[in-house]
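Heads up: the structure comes next, in structure tokens.
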Amino acid sequence: MLDLSLTALLSDLKEVGYAVLVGSLINVVLTLLWALRWRAGLKYLGVRVSYLQSLGAIVASFPLGNLLPAGKAAQEAFRIAYLDVKEGKRTSVMAAAAVEWVAEGLIISFLLLAVIIRHYAIGAAALTLVAVAAGQPQGMTVRSAVRDLVKAFRLLSRDRRLMATYLAVSSAIIAIDVIKVWLVALMSGLYLALFDLILLYVILRVTSAAPTPAALGFLDLGVIGALKFMGYPVGLAVLFLVSIRLVDTVMPSIAGIIVLVVTGSYRVLRQARGAGSWRR
């Protein structure tokens, strides 16, 4: 039974505050690693961007990933447009982003095999279609764009040292991300067993691909249902959900909006309204 007293409410808010603070600090570390990984792939493919440019593109894309139904695909397409690279290099930018998905998919697949592989396959396909539609010049067909993407992807995958870097950084990202979920749960009063933690993390990742803004409804029901099925109190499950939503949805979106406004990169969104959206 939920305790709705003022004392209990203040206590819950304090716990959520601590969880959001710790989770947000961990997200800062994760974002720095995401930018490092993406820039490594871009540099190998001859796309010269600074670390701050790649970091800015990632942070500015957070609101799109959280607020648009296209989710991750819209976020990646924005990253491509944000860098404003030459037409011949756009498929290279897509390939570098796609390799990130594959690297994380290979690691997470050890946690839940076919479900995760399927999720990333669908995500990568959506990324390709959306990014091709948003970023390719008018005269280029979808077939040639996909062919260029596959070529760049193969070029990346053949470099063992680069792939080792991708897998190592991706492993660190996932490990830190799992620790973040564990800490947020712990501060919300949930003492998760190792198996429960892994299962909860996989559910968070899989449901995040749902076709609604910020996976609204899918992620929430998935988290509450999973924790209830594991035998944890519904009240604590709700507290965890509020905390993780603030950490992974609200705070990154606020940070991304600030970057959009400060850097003026919101103009990319304005350009998307025209008939030649994101085309140079």
Side-chain angles (χ1 to χ4, degrees), residues 16-17 19-43 47-87 89-90 93-94 96-97 100-101 123 126-127 130-136 173 176-177 180 184 208-216 219 242-280:
V16 169
V20 171
L21 176 61
V22 173
S24 296
L25 289 174
I26 293 175
N27 273 347
V28 170
V29 176
L30 290 173
T31 305
L32 294 174
L33 289 174
W34 289 332
L36 179 67
R37 180 180 61 183
W38 190 34
R39 185 171 180 265
L42 292 175
K43 184 178 180 180
V47 180
R48 301 295 177 181
V49 297
S50 69
Y51 178 77
L52 288 179
Q53 282 180 304
S54 60
L55 181 62
I58 290 173
V59 176
S61 71
F62 286 154
L64 281 77
N66 288 327
L67 302 177
L68 295 182
K72 185 72 173 176
Q75 184 176 348
E76 305 298 2
F78 176 82
R79 283 165 59 182
I80 297 167
Y82 180 97
L83 293 182
D84 194 21
V85 297
K86 296 179 181 179
E87 293 176 355
K89 292 292 185 180
R90 287 177 179 169
V93 178
M94 282 190 286
E100 297 175 9
W101 286 44
L127 164 63
V130 171
V132 166
Q136 294 307 308
I173 287 173
I176 295 171
D177 209 19
K180 178 190 72 180
V184 171
S208 67
T212 56
L216 189 63
L219 184 146
V242 172
S243 298
I244 205 68
R245 275 298 192 183
L246 287 170
V247 169
D248 284 348
T249 303
V250 178
M251 300 303 289
S253 296
I254 292 174
I257 291 171
I258 292 173
V259 172
L260 282 171
V261 173
V262 172
T263 63
S265 52
Y266 61 87
R267 296 187 183 91
V268 174
L269 301 176
R270 186 180 300 172
Q271 293 165 359
R273 296 178 181 178
S277 100
W278 292 353
R279 286 173 180 159
R280 303 288 182 228

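- Scored by the side chain to side chain donor-acceptor pair (under 3.5 Å) test, T31 finds no partners at all (sequence neighbours excluded).
- Remark: W38 CH2 to L55 CG distance equals 10.5 Å, nearest 0.5 Å.
- Judged as a side-chain contact (heavy atoms from CB on, under 4.5 Å), and not counting sequence neighbours, the contacts of L21 are L25.
- Nearest heavy-atom pair across S253 and P63 is O-CG, 3.5 Å.
- Listed by chain and residue number, D220 satisfy the salt bridge (charged side-chain N to carboxylate O under 4.0 Å, His left out) test with R245 (two or more places apart in sequence, or in another chain).
- V28 pairs by the side-chain contact (heavy atoms from CB on, under 4.5 Å) definition with L32, not counting sequence neighbours.
- Distance CG/D177 to CD1/I26: 8.5 Å, rounded to 0.5 Å.
- Taking the side chain as every heavy atom from C-beta outward, I173 and R37 approach each other to under 4.5 Å.
- A 4.5 Å side-chain heavy-atom check between K180 and D248 finds at least one atom pair inside the cut-off.
- No side-chain donor-acceptor contact under 3.5 Å links N66 to the backbone of A214.
- Annotation: the span from I176 atom CD1 to L33 atom CG amounts to 5.0 Å, rounded to 0.5 Å.
- The nearest pair of heavy atoms linking P252 to N27 is CG-ND2, 4.4 Å.
- Within the 4.5 Å cutoff, the side chain of V184 has no heavy atoms near those of the V22 side chain.
- Within the 4.5 Å cutoff, the side chain of V47 has no heavy atoms near those of the R39 side chain.
- Evaluation of the side-chain contact (heavy atoms from CB on, under 4.5 Å) rule for V20 yields V16, S24, L246, V247, M251 as partners, not counting sequence neighbours.
- Under the rule for a side chain to side chain donor-acceptor pair (under 3.5 Å), S54 has no partner lying at least two apart in sequence or in another chain.
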